[in-house]
Amino acid sequence: MAETHSLQDLRHQAAVAAKVFIQRDYTNGTLCQFQTKFPSELETKIDKQQFEETMRTLNNLYAEAEKLGSQSYVEGCLACLTAYTIFLCIETHYEKVLKKIAKYIQEQNDKVYAPRGLLLTDPLERGLRVIEITIFEDRSLTQ
Amino acid sequence: MKMVLKKTPKKRKWETFPGRNKFYCDGRIMMAKQTGVFYLTLVLILVTCGLFFTFDCWFLAEQLTPIIPVIGAVLFLFVIGTLLRTSFSDPGVLPRATPDEAADLERQIDVANGSTGYRPPPRTKEVVINGQTVKLKYCFTCKIFRPPRASHCSLCDNCVERFDHHCPWVGNCVGKRNYRFFYMFILSLSFLTVFIFAFVITHIILNSQRIGFLSALKDSPVVVCFFSVWSIVGLSGFHTYLISSNQTTNEDIKGSWSSKRSKDNYNPYSYGNIFTNCCAALCGPLPPSEQVAAIWASICMHACGHRLSGSFPPTLPIPHRPEGAFSLFLQFSCSVL
């Protein structure tokens with residue numbers, strides 16, 4: 001509760017100092033992967049390893065969502081046989097993993113980023129194009 | 001302290017959508033601006049099937065087997081289902097850049113080009129994908145660098161992921177999210193038209209044995225689907241080729257991966273074999289829509305654990321856990337009071 005309270009404070013009291021955008025990494029094709037390069041604007045705010053750990057976990061989760069395996073094939077075939085009406089009833093594997101990702105980002109924000117005056121935005125809100133990291137001004141946290 | 005749970009009216013994402021698409025049923029249906037030809041497609045299919053079921057099915061069910069109208073009905077329902085699915089779903093529209101993001105990109109481009117004042121040259125970024133150099137173009141409308149295989153549809157005024165083509169017959173773009181529905185539509189329509197055509201001919205032949213050929217032809221409805229059979233079957237064949245080589249219509253027309261361009265030009269997205277390419281295109285995972293708010297829940301509904309579609313306004317990152325959102329809202333209400 002105390003952690004969500006500080007996150008709440010950030011959103012409603014702190015002013016936005018800057019925004020950093022982590023772009024997509026297309027070297028492996030159109031799969032959803034983000035660049036893990038540590039941005040210079042975050043050097044004073046957060047540990048490089050912590051940041052890379054977050055990016056790596058996110059990349060792994062997205063890879064899991066888009067994995068071509070037996071589960072996705074079964075889902076696809078079943079959907080085709082039911083003329084895609086089955087999507088109205090069940091949640092796809094992709095959607096399940098996206099929920100997992102949203103939960104992970106929330107958790108990271110609560111535990112790691114909010115105490116340092118940062119906020120990760122779920123890339124789904126940006127069409128899976130960028131991860132937006134908002135840097136809040138320090139002074140409001142010390143009040 | 002009294003807690004007031006206000007239902008704050010939020011604008012749904014589709015209500016502030018910047019493109020030229022039209023939305024129906026509270027954002028659940030997304031179509032292009034011009035939908036006249038789509039209604040024509042629907043009418044043609046309904047009329048042809050209607051005529052077939054009315055005039056030919058009884059005869060064929062009696063003379064041959066009653067399974068014929070059953071198969072016809074199944075095919076017809078599949079065609080209509082996939083057509084509606086193709087026409088009504090989000091093809092994979094990329095949301096436009098927020099002002100902050102656009103400004104950040106502009107800054108990076110200026111730094112890279114080192115020029116200000118006059119209009120800089122066309123902005124491109126090169127990336128190597130599986131050994132092939134691909135140019136990512138900057139979209140001046142959407143203010144983003146288009147991902148590989150994305151293209152801007154001038155009719156809908158959106159960038160669409162894995163853009164295939166804009167199809168006026170289905171009244172929508174065909175892209176990443178609805179390509180498999182489009183393919184199943186044209187494939188099933190091919191089967192349906194061939195099926196109807198074959199059995200109408202059978203009907204005429206069987207009838208002509210009794211009453212003569214010219215009489216039979218007069219009694220039978222005009223074979224509406226004769227010309228459409230060839231064009232639809234041809235289109236299905238073309239898209240089967242595209243799927244098996246993992247190309248889009250856009251790439252094929254431009255000859256992006258053609259060996260005629262250069263000796264070592266190849267498709268970096270292909271999985272190497274036809275089977276995997278087909279499976280990936282038709283049975284691969286389906287990403288959800290970022291634009292269409294299927295069910296926009298207010299914060300109160302989030303608290304009830306309603307199934308979330310994953311679309312949220314860009315300016316307010318709401319936690320996706322219902323309990324977290326609810327507690328935040330309570331705190332917010334308390335702080336307001």
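Reminder, nothing fancy here: chain letters follow the sequence lines and each chain counts from 1.
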inquiry  = Apply side-chain contact (heavy atoms from CB on, under 4.5 Å) to residues B:Phe145 and A:Gln23 and explain how you reach the verdict.
reply    = CA-CA 10 Å; B:Phe145 274 101; A:Gln23 299 288 340; over 6 Å; no
Residue pair [X] / [Y]: nearest heavy atoms and the distance that separates them:
| X | Y | result |
| --- | --- | --- |
| B:Leu286 | A:Tyr94 | O-CB, 3.8 Å |
| B:Ile129 | A:Tyr26 | CG1-O, 3.0 Å |
| A:Leu68 | B:Pro285 | CD2-CD, 3.7 Å |
| B:Pro95 | A:Arg129 | O-NH2, 3.0 Å |
| B:Cys283 | A:Tyr73 | CB-CD2, 3.7 Å |

Check this for me: [X], atom [atom1], are more than 12 non-hydrogen atoms of other residues, nucleotides or ligands nearer than 6.0 Å?
| X | atom1 | result |
| --- | --- | --- |
| A:Lys96 | NZ | yes |
| A:Lys45 | NZ | yes |
| A:Leu61 | CG | yes |

message = For the interface with chain B, which of A:Glu66, A:Lys67, A:Arg24 has the highest count of heavy-atom pairs at distances below 4.5 Å?
response =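 Option with the top pair count is A:Glu66.
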task = Pick one of side chain, backbone, both or neither for A:Ala65, based on which atoms fall under 4.5 Å of a heavy atom in chain B.
result =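 Contact with chain B: backbone only.
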request  = Please determine, among B:Pro147, B:Gly81, B:Gly284, the option with the most heavy-atom pairs under 4.5 Å with chain A.
outcome  =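 If we count pairs closer than 4.5 Å to chain A, B:Pro147 comes out on top.
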query = Most heavy-atom pairs under 4.5 angstrom with chain A, which of B:Leu136, B:Ile144, B:Asp100?
reply =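 If we count pairs closer than 4.5 Å to chain A, B:Asp100 comes out on top.
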message = Show, in sequence, the C-alpha distance, side-chain angles and deciding distance for B:Phe78 and A:Cys80, and conclude whether the side-chain contact (heavy atoms from CB on, under 4.5 Å) test is met.
response = CA-CA 9 Å; B:Phe78 196 83; A:Cys80 180; 4.2 Å; yes
query = Salt bridge between A:Lys19 and B:Glu101, side-chain N to carboxylate O under 4.0 Å?
reply =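 Looking at A:Lys19 and B:Glu101, the cut-off is not met.
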For [X], is it the side chain, the backbone, both or neither that has a heavy atom under 4.5 Å from a heavy atom of chain A?
| X | result |
| --- | --- |
| B:Val128 | backbone |
| B:Arg180 | both |
| B:Leu105 | side chain |

message = Between A:Arg126 and B:Thr98, is there a side-chain heavy-atom distance shorter than 4.5 Å?
response =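 Yes, at least one pair of side-chain atoms sits under 4.5 Å.
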ask   = Say you draw a straight line from OG1 of A:Thr30 to NZ of B:Lys176; how long is it, rounded to the nearest 0.5 Å?
value =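 Rounded to the nearest 0.5 Å, the OG1-NZ separation comes out at 6.0 Å.
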